[in-house]
Colleague: 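Here's a structure for you.
These numbers come from the heavy atoms of this one structure, side chains and all, not from hydrogens, waters or symmetry mates. Throughout, protein chains are lettered first and strands after them, A, B, ... in sequence-line order, and every chain is numbered starting at 1.
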Amino acid sequence: MDQDYLPEKVEKDAQDYWDKHQAFKVTEDPAREKFYCLSMFPYPSGKLHMGHVRNYTIGDVITRYQRLQGRNVLQPMGWDAFGLPAENAAMANGVPPAKWTYDNIAYMKKQLRSLGFAIDWGRELATCQPEYYKWNQWLFLRMLEKGIAYKKTGVVNWDPVDRTVLANEQVIDGRGWRTGALIEKREIPMYYLAITRYAEELLADLEQLPEWPERVRTMQANWIGKSVGVRFAFPYQLEGKDEKLWVFTTRADTIMGVTFCAVAAEHPLATHAAKNNPELAAFIEECKAGSVMEADLATMEKKGLPTGINVTHPLTGEPVPVWVGNYVLMGYGEGAVMAVPAHDERDFHFADHYKLPIKQVITNGIEIQRKRGSDFLGSDYAHYDFNDKHWKAWYADKENGLCINSGKFDGMTYNEAVDAIAAELKAKGLGKKQTMWRLRDWGISRQRYWGCPIPIIHCDRCGDVPVPDDNLPVVLPEDCVPDGTGNPLNKRTDFVDCVCPKCGQPARRETDTLDTFVDSSWYYARYCCPDNGAAMVDNRVKYWMPVDQYIGGIEHAILHLLYSRFWWKVMRDLGLVRGPEPFKRLLTQGMVLNEIFFRKPASGRITYFNPAEVEIRTDDKGGRLGAVLKSDGLPVESGGMGTMSKSKNNGVDPQSLIEQYGADTSRLFMMFASPPEMTLEWSDEGVAGASRFLRRLWKLVAEHVNQGLTAKRDFSSLPSALKDLRRQAHQTLAKVTDDIGRRRTFNTAIASVMELLNSVAKLDVHSTPARAVRQEALEIAVLALSPIVPHVCHSLWRSLGHEEAVIDARWPKPDDAALKQESLEIVVQVNGKLRGRVTVPAGASDEETVSYALADANIQRFIQGKELKKKIVVPGKLVNIVVAG
RNA sequence: GCCGAAGUGGUGAAAUUGGUAUACACGCUACCUUGAGGUGGUAGUGGCGAAAGCCGUGUGGGUUCGAGUCCCACCUUCGGCACCA
């Protein structure tokens with residue numbers, strides 16, 4: 001074998017071998033256990049970024065490990081090819097989104113191949129292909145038939161200058177990103193999917209996903225947001241007619257403390273009140289300015305104006321004024337809320353600001369009084385600081401409060417009061433208990449070109465007519481170039497003009513396209529049968545699904561994963577697939593960060609410098625002194641770690657990394673630098689270290705091979721140094737098996753192999769048994785590393801004398817005989833502090849272990865003359881001797 | 001604002017079930033090696049201390065024989081918030 005590690009040659013050889021043998025092409029084989037390993041497919045933005053490399057390396061390590069376990073492993077790849085960036089690129093360069101996208105796919109595919117992933121490329125798909133999105137359209141029509149898809153108005157960001165709808169991302173500080181115009185909220189008709197129909201099941205089935213990260217399940221549960229409360233009405237009269245203002249509350253126990261109601265700016269009551277009230281009309285207009293993002297709405301200053309309309313309290317009959325509040329959302333609940341300033345923080349601040357009455361109706365519970373020392377709330381609100389954290393804790397504590405100032409409800413607990421009040425409202429026909437969801441139906445219409453056309457035809461006579469299945473797909477013309485002034489499809493008469501499928505008269509085709517989340521909600525199923533032109537899915541899906549391991553960014557923890565779960569359940573209800581959930585196990589990978597360097601001149605713009613152009617100055621202990629730009633030697637400031645981005649100029653191009661060090665080094669660094677779920681901080685030194693390790697590994701194997709390979713031999717009587725190394729080798733195998741197979745902590749798996757190789761390097765090899773032990777240790781190391789650095793291991797496995805390729809090897813079980821130990825080192829503590837170590841025979845009893853510990857000279861020093869109170873033994877590990885004083 | 005995480009040496013991190021804090025690697029220091037180096041090697045490397053030892057896991061409390069790990073409060077950073085994907 002070569003004396004030097006030449007990654008370029010090694011990687012080409014391995015990849016040529018895999019290609020020649022079609023090593024990663026898989027077919028359904030019911031006789032074999034399957035494993036479906038899926039990474040979230042990339043958006044073809046131009047070139048791979050480090051996040052992709054990390055994601056797909058994690059997937060590849062698991063894929064190759066499962067293959068070594070003997071399973072039939074599917075790892076597919078495709079392209080989430082529709083979306084906004086293609087339109088932005090078109091605006092910037094005048095290139096049609098289709099061409100831009102296909103060019104990007106070709107380039108990125110080349111990059112993925114150079115990383116040596118064990119992908120079955122025969123199943124590649126792109127969501128912008130009519131063969132794929134035909135089935136988006138087909139399933140949309142099925143949903144329409146079942147009433148899951150429906151039409152209603154929705155709020156969008158409207159740029160009045162470009163006269164176009166903007167994505168949230170395109171609204172910066174309430175203004176259009178291209179025009180700078182103030183953005184308005186505008187209501188337009190859109191299609192929705194009734195995901196709320198599945199809310200109960202989507203929540204309940206989280207229980208069936210024990211192998212999902214706890215945090216993701218919690219986030220999804222909170223997002224779905226089930227709350228049980230009371231929906232009830234405040235009656236009022238409007239122009240002589242009886243009307244009702246409906247609200248929902250989870251705190252019906254505080255209903256006697258209502259001092260006003262607040263409605264959203266878009267609420268019909270507000271619209272009506274504004275007719276003869278110019279000030280209110282102006283305020284409503286003001287509320288309609290700005291973005292539709294919830295984060296913006298939640299952080300803006302709470303403002304309101306009275307409508308002049310009073311409604312009647314359903315229980316007391318007292319008049320209650322109605323205000324318009326900018327913090328009330330039309331899209332959530334009834335678009336109106338009851339306000340109880342004494343017991344809701346937001347209501348309090350609003351009432352405080354506008355001098356509205358505050359009425360306390362819950363007393364502090366006895367427990368709370370005990371905790372706080374007094375009834376601190378008292379009756380005089382003027383003396384109370386509502387920013388005080390104790391007040392928040394008190395309010396949140398429903399358990400201990402009792403109703404006061406509430407007439408016949410006085411003295412009731414939360415549950416009693418809610419039941420009694422709900423019953424009374426029900427008796428009056430003004431409300432009842434109800435379940436409410438935070439989850440909203442999924443708006444899927446986008447006023448954009450580069451997406452899947454919605455298969456609807458608008459006819460003046462017949463209304464909105466679905467495109468017949470025979471006419472699918474509705475093909476998106478691929479030669480449009482968006483210019484920022486709206487959807488170019490509107491100008492394409494060859495697309496828009498059509499005949500009504502019902503009456504045959506001229507009609508107009510819908511030009512809105514589907515949300516790209518639709519494309520990504522079922523691609524995992526299509527990978528099982530990408531070549532089926534006649535059906536969305538077929539029997540092959542039953543073999544491969546569910547996905548055994550899904551890997552993707554934590555940023556997808558809610559939306560993509562929730563939409564996919566919903567879509568899967570809809571497909572199941574249509575009889576297309578089986579099983580409750582599409583993704584059995586989920587790994588949410590952390591982001592890839594790099595340091596941000598910049599200079600901020602006294603006047604003018606910040607300049608960002610790529611970390612590659614910056615040199616770090618250190619003191620002689622390695623502590624950091626500062627950073628200077630390599631080109632001029634002058635200092636630059638550090639902005640800390642941030643996700644790799646163009647705007648901060650802190651990206652590292654995977655391509656140059658692969659060219660400089662090779663795919664294996666890139667993969668090794670990515671897997672070694674931190675565990676997959678955590679953020680990964682980029683480090684050029686770390687990459688160099690990974691490269692150095694591979695060179696060392698190569699040298700170690702080459703040295704061994706050049707001294708001659710050894711055959712398998714009897715290890716039963718070895719000198720202790722060799723026995724120790726053999727034990728370490730098998731311990732390493734056990735640890736790597738657990739780390740890759742169960743824990744998915746690739747960093748610690750690599751560290752343990754490094755330790756093994758450090759021991760191998762230190763071993764004096766001057767006998768045949770020593771060479772045999774070394775051969776075994778090297779084989780374990782190479783096989784254990786092969787999922788992570790497959791190219792170099794392909795080569796080294798051959799050099800170690802194997803006919804078969806390492807990808808076709810079987811993962812061995814650790815040898816129990818090798819793992820056996822005759823004595824153990826026990827840690828001895830006195831009063832919990834480490835005071836010594838003793839060696840005890842394996843299998844010693846607790847009493848024996850303690851006597852060994854007590855016999856230790858240093859331990860005696862610490863316990864001498866003191867009363868022995870307690871002896872705690874953790875078998876095989878630790879003894880803690882507790883003494884008085 | 002709401003929901004979810006994270007914080008350990010000079011740095012990335014390890015410590016899996018409450019049981020040896022800092023494995024592995026980077027960096028740094030000293031020495032050796034090569035004509036040269038993004039070379040290879042040896043030794044050292046949490047702080048204080050002569051030593052015994054003491055102190056150390058964002059901050060402040062608590063539980064325990066024992067806390068990085070559990071509980072309470074807080075600080076900072078990051079992810080998501082429904083039209084970025």
Colleague: Check step by step if side-chain contact (heavy atoms from CB on, under 4.5 Å) holds for A:Gln728 and A:Ser752.
Modeller: CA-CA 9 Å; A:Gln728 191 188 353; A:Ser752 69; over 6 Å; no

Colleague: Taking atom C1' in both B:rU22 and B:rU8, what distance in whole Å separates the two?
Modeller: 8 Å

Colleague: Establish whether the base of B:rC3 is bridged to the side chain of A:Asn222 by a donor-acceptor pair shorter than 3.5 Å.
Modeller: no

Colleague: Give the intermediate values and the outcome of ring pair (Phe, Tyr, Trp, His ring centres under 6.0 Å) for residues A:Phe672 and A:Phe746.
Modeller: CA-CA 7 Å; A:Phe672 182 59; A:Phe746 312 115; over 10 Å; no

Colleague: When you compare B:rU39 with B:rU34, how far apart are their C1' atoms, in angstrom units rounded to a whole number?
Modeller: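 Straight-line distance between the two C1' atoms is 8 Å.
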
Colleague: If you measure from the C1' atom in B:rG19 to the same atom in B:rU64, how many Å do you get, rounded?
Modeller: 12 Å

Colleague: Nearest to the side chain of A:Asp738 - B:rC84, B:rU16, B:rG12?
Modeller: B:rU16

Colleague: I'd like to know if A:Lys833 reaches the base of B:rU20 with its side chain, counting only an N/O donor and acceptor under 3.5 Å.
Modeller: no

Colleague: Measuring from atom CG of A:Leu203 to atom CG of A:Leu439, what distance do you get when rounded to the nearest 0.5 angstrom?
Modeller: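 With rounding to 0.5 Å, CG (A:Leu203) is 10.0 Å from CG (A:Leu439).
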
Colleague: Hey, is the side chain of A:Arg742 pairing donor to acceptor with the base of B:rU16 inside 3.5 Å?
Modeller: yes

Colleague: In whole angstrom, give me the gap between the P atoms of B:rA6 and B:rU69.
Modeller: 13 Å

Colleague: Counting only Watson-Crick or G-U wobble pairs whose two distances fall under 3.5 Å, which nucleotide matches B:rC81?
Modeller: B:rG1

Colleague: Suppose you measure atom P in B:rU77 against the same atom in B:rA82; what distance do you get, rounded to whole Å?
Modeller: 22 Å

